[in-house]
Every structure is written in structure tokens, then in C-alpha cells.
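Residue numbers begin at 1 in each chain, while the letters A, B, ... track the order of the sequences.
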Number of protein chains: 2
Amino acid sequence: MTSEEKAPRPLGDLERLVMEQLWAASEALTVRQVHERVATTRDLAYTTVMTVLDRLAKKELTERERDGKAWRYRAAAPREELAVDLMRDALDRAGDRREALVRFVGQVSDEEAALLREALAKLDGDTSGRAG
Amino acid sequence: MTSEEKAPRPLGDLERLVMEQLWAASEALTVRQVHERVATTRDLAYTTVMTVLDRLAKKELTERERDGKAWRYRAAAPREELAVDLMRDALDRAGDRREALVRFVGQVSDEEAALLREALAKLDGDTSGRAG
DNA sequence: GACATCTACGACGATACGTAGTAGATCGTA
DNA sequence: TACGATCTACTACGTATCGTCGTAGATGTC
């Protein structure tokens with residue numbers, strides 16, 4: 001049995017839009033604040049935003065703290081971390097990891113290849129723990 | 001507007017199980033053949049397998065060709081390609097690609113890091129076209 | 001106390017997916 | 001030729017997720 005973890009469902013469109021507000025904000029936002037920002041693009045009811053935020057919290061993609069009678073939401077993890085989780089998950093489901101990585105590297109842009117080399121270079125001398 | 005392609009939905013569990021049979025097979029398989037293989041693990045109706053195969057074909061994850069009155073299905077792309085598509089998609093949705101790649105590289109196992117280096121090395125001297 | 005603001009909870013439609021039944025074409029064979 | 005096996009096509013139903021809100025009720029402000 002090859003590790004059968006639960007695949008992280010990709011976000012729906014509205015969920016993503018809401019998460020983007022949180023990621024873009026430097027502070028935790030109230031439902032109203034998120035609604036205001038989202039409203040510049042889409043005409044949504046206040047409660048719709050509230051529901052989405054609530055569902056995201058249940059999925060532990062956001063965290064919330066009380067602020068008076070309102071909640072303030074913040075992203076539970078940076079956007080890039082969520083992306084990496086999805087990348088890992090995809091890689092884990094690939095049959096041949098070597099093959100997958102070769103394909104991946106073969107598809108990235110020159111710029112991304114450079115970033116990868118850079119990141120790999122950083123690993124040298126960096127002896128912090130990594131999974132084996 | 002950052003390129004808003006349709007996110008490739010991850011496969012459902014049964015869909016994945018079926019795809020695995022196709023990926024594992026050297027030849028295109030009939031519904032019956034897939035059913036036989038899957039039946040060693042799960043008790044499913046023949047038509048269930050047929051439906052799944054049909055849906056996968058509509059999603060263009062499988063291709064089919066006539067063989068007498070039956071269809072033969074084969075995976076439209078190798079397993080690793082599907083994985084890479086998902087990785088690309090995840091990376092594209094990351095805010096800061098550099099940050100995402102750094103995190104990604106920081107999370108892979110030593111073995112995977114080695115594979116990445118290897119794959120990147122192959123890019124040198126390989127002047128085949130890549131996206132910019 | 002009247003009004004604004006928030007949350008909690010429920011709801012409904014759409015879509016994806018797991019799961020399967022039935023009808024009807026086709027093919028081999030007694 | 002009529003029979004049974006095999007296949008596809010089409011339909012269907014239950015559950016889960018997500019987009020989208022509405023209503024009820026608590027609380028805070030003048």
C-alpha cells in the first residue's frame with residue numbers, strides 16, 4: 001500500500017478569491033473587510049463571504065480570533081505553502097518520482113530552472129532536517 | 001489578471017484506481033479486463049467500471065479504440081505527466097514562485113533533491129525548446 | 001428602546017463522483 | 001433460428017462540495 005493520504009481538495013473559485021484577500025492583507029480581516037474588498041470585483045452578499053470564511057476555517061485554511069463581537073480571519077498558512085502541499089501531493093501520486101521530476105524540470109521556464117538551482121544550492125551547507 | 005486556466009480536478013478514488021490499471025498495463029484494456037483487475041480488490045459491478053472509464057474518456061484522461069464490439073481504453077498520458085500537470089498548476093497558483101520553489105526544494109527528501117539536481121543537469125546542453 | 005452589526009444555522013441549486021440497473025445491439029452456437 | 005453471453009448506451013440515485021443567500025437572534029450604540 002503506497003501512502004494513501006487524503007488529497008487536499010483544490011479551492012473553489014470563490015474560496016480562492018477570499019483566500020487571496022487574506023494572503024494580501026498584513027493583518028487579520030473581519031468578514032466585513034473581506035466583503036468590502038471582494039465587492040470591488042463581485043457582487044456578493046455579506047453572508048456569502050461569511051459562509052465561505054467559515055468553511056475555510058473548518059478546513060483549517062484560515063484561523064480566527066475574536067475582536068469584540070466579530071471574528072478576524074487570517075490565512076492559516078502562506079499561499080506558497082498551500083501551493084507546495086499540492087505539489088508534494090501531486091508528486092507523491094506520480095508513479096516514478098524520478099520520471100516525474102525530470103518531466104517537471106523539463107517543463108519549467110528558464111527562470112524557474114534558475115530558481116530551482118538556486119534553491120538547491122541553498123541546501124548545501126544548510127543541514128536543517130529534511131524528510132528522508 | 002494572472003492566467004486563469006481551469007484547474008485540473010484531482011481524480012476521485014475509483015477513477016484513480018481505474019487509471020492505475022491502465023497505467024500498469026502495457027496494452028489498451030477492455031472494460032472487462034479492467035473490471036477483472038479491479039475486482040481483485042473491490043466488489044464492483046461491470047457497469048460501474050464502464051461508467052468510470054467512460055467519464056475518464058470524456059475528461060480526455062483515457063483514449064479508446066474499437067476492438068470488435070468492445071472498446072479498448074488506454075491512458076491518454078503517462079501517470080507522471082498527470083502528476084506534473086498538477087504540480088505546474090499548483091506552482092502557477094502560488095503567489096511568489098521563487099518562494100514556492102524554495103519551500104518545495106526545502107521539503108523534498110535528499111533523494112528527491114538529488115533527482116532534481118540530476119534533472120537540472122540534463123538541461124545543460126539540452127537546447128530543446130522550453131517555455132520562457 | 002430603536003437601529004445597526006454580527007454570528008449561527010439552515011437551505012437550495014449545480015456539479016462531480018461512486019455505484020448500478022435496464023434496454024438493445026451483436027455474435028457464437030445448439 | 002432462437003438462446004444466451006457480451007457489450008455499449010443511457011438513465012438514475014445518493015452523497016459531498018461549493019456558490020449563494022435568507023432569517024433569527026444576540027449584542028453594541030445613541
**Message:** Tell me whether A/Val84 shares a hydrophobic cluster with B/Val84, the cluster being built from Ile, Leu, Val, Met, Phe, Trp, Tyr side chains joined at under 4.5 Å.
**Reply:** yes
**Request:** Could you state whether A/Leu14 and A/Leu29 fall into the same hydrophobic cluster, counting links through intermediate Ile, Leu, Val, Met, Phe, Trp or Tyr residues with side-chain heavy atoms under 4.5 angstrom apart?
**Result:** yes
Test of understanding: with side-chain hydrogen bond (donor to acceptor under 3.5 Å, both in side chains), list the residues that count as partners of [X], not counting sequence neighbours.
X       : result
A/Arg97 : B/Glu112
B/Glu15 : B/Lys59
A/Glu99 : A/Arg103

**Request:** Could you check B/Val18 against B/Thr62 for side chain to side chain contact (heavy atoms under 4.5 Å, CB included), going step by step and ending with a plain yes or no?
**Result:** CA-CA 10 Å; B/Val18 167; B/Thr62 68; over 6 Å; no
**Request:** Just jot down the salt bridge (charged side-chain N to carboxylate O under 4.0 Å, His left out) partners of B/Glu118, sequence neighbours excluded, or say none.
**Result:** A/Arg98
**Prompt:** Between atom CZ in B/Arg66 and atom C1' in D/dA9, what is the gap in whole Å?
**Reply:** 10 Å
**Complete:** From CG of B/Asp67 across to C1' of D/dC7 the rounded distance in Å is 12 Å
**Message:** Any residue in residues 41-57 of chain A with a heavy atom nearer than 4.0 angstrom to DNA chain C? Just list them by number, or reply none.
**Reply:** A/Tyr46, A/Met50, A/Thr51, A/Arg55
**Message:** So, taking the atom named CD in A/Glu81 and the one named CZ in A/Arg79, what distance separates them when rounded to the nearest 0.5 Å?
**Reply:** 14.0 Å
**Request:** Could you tell me the separation between the CH2 atom of A/Trp23 and the CG atom of A/Leu82, rounded to the nearest 0.5 Å?
**Result:** 5.0 Å
**Request:** Compute the angle between the rotation axes at the two ends of the helix from C/dG1-D/dC30 to C/dA30-D/dT1, each taken over five pairs, rounded to 10 degrees.
**Result:** 20°
**Request:** Could you tell me whether the side chain of A/Leu91 reaches within less than 4.5 Å of the side chain of B/Phe104, counting heavy atoms only?
**Result:** yes
**Positional range of nucleotides in DNA chain C within the contact set of chain A, heavy-atom, under 4.0 Å** = C/dT5 to C/dA11
**Prompt:** For A/Ala90, which residues count as a side-chain contact (heavy atoms from CB on, under 4.5 Å) partner, sequence neighbours excluded?
**Reply:** B/Leu86, B/Met87
Could you list the donor-acceptor pairs under 3.5 angstrom formed between side-chain atoms of residues 38-58 of chain B and any protein atom two or more places apart in sequence or on another chain?
unit_1	atom_1	unit_2	atom_2	d
B/Thr40	OG1	B/Arg37	O	2.8
B/Thr51	OG1	B/Thr47	O	2.9
B/Asp54	OD2	B/Lys58	NZ	3.2

Any protein N or O atoms within reach of nucleotides 25-30 of chain D? Criterion: under 3.5 Å, listing atom names and distances.
unit_1	atom_1	unit_2	atom_2	d
D/dT27	O2	A/Lys69	NZ	3.3

**Request:** Measure from the side-chain N and O atoms of B/Glu80 to the backbone N and O of A/Asp96, and report whether any donor-acceptor pair falls under 3.5 Å.
**Result:** yes
**Request:** Tell me which of B/Thr30 and A/Pro10 sits closer to the 5' end of DNA chain D, going by the nucleotide each one is nearest to.
**Result:** B/Thr30
Which donor-acceptor pairs under 3.5 Å do the side chains of residues 69-77 of chain A make with protein atoms, sequence neighbours left out?
unit_1	atom_1	unit_2	atom_2	d
A/Arg72	NE	A/Asp67	OD2	2.6
A/Arg72	NH1	A/Ala28	O	2.9
A/Arg72	NH1	A/Gln33	OE1	3.2
A/Arg72	NH2	A/Asp67	OD2	3.1
A/Tyr73	OH	A/Arg64	NH1	3.1
A/Arg74	NH1	A/Glu63	OE1	3.1
A/Arg74	NH2	A/Glu65	OE1	2.1

Restricting to nitrogen or oxygen on both sides, can you table the protein-nucleotides 1-4 of chain D pairs closer than 3.5 Å?
none

**Message:** What contact category does B/Lys58 fall into here, base, sugar-phosphate, or nothing, at under 4.0 angstrom with non-hydrogen atoms?
**Reply:** nothing
**Request:** For B/Leu101 and A/Val108, run side chain to side chain contact (heavy atoms under 4.5 Å, CB included): C-alpha distance rounded to whole Å, both residues' side-chain angles, the deciding distance at 0.1 Å, then the answer.
**Result:** CA-CA 11 Å; B/Leu101 288 173; A/Val108 299; over 6 Å; no
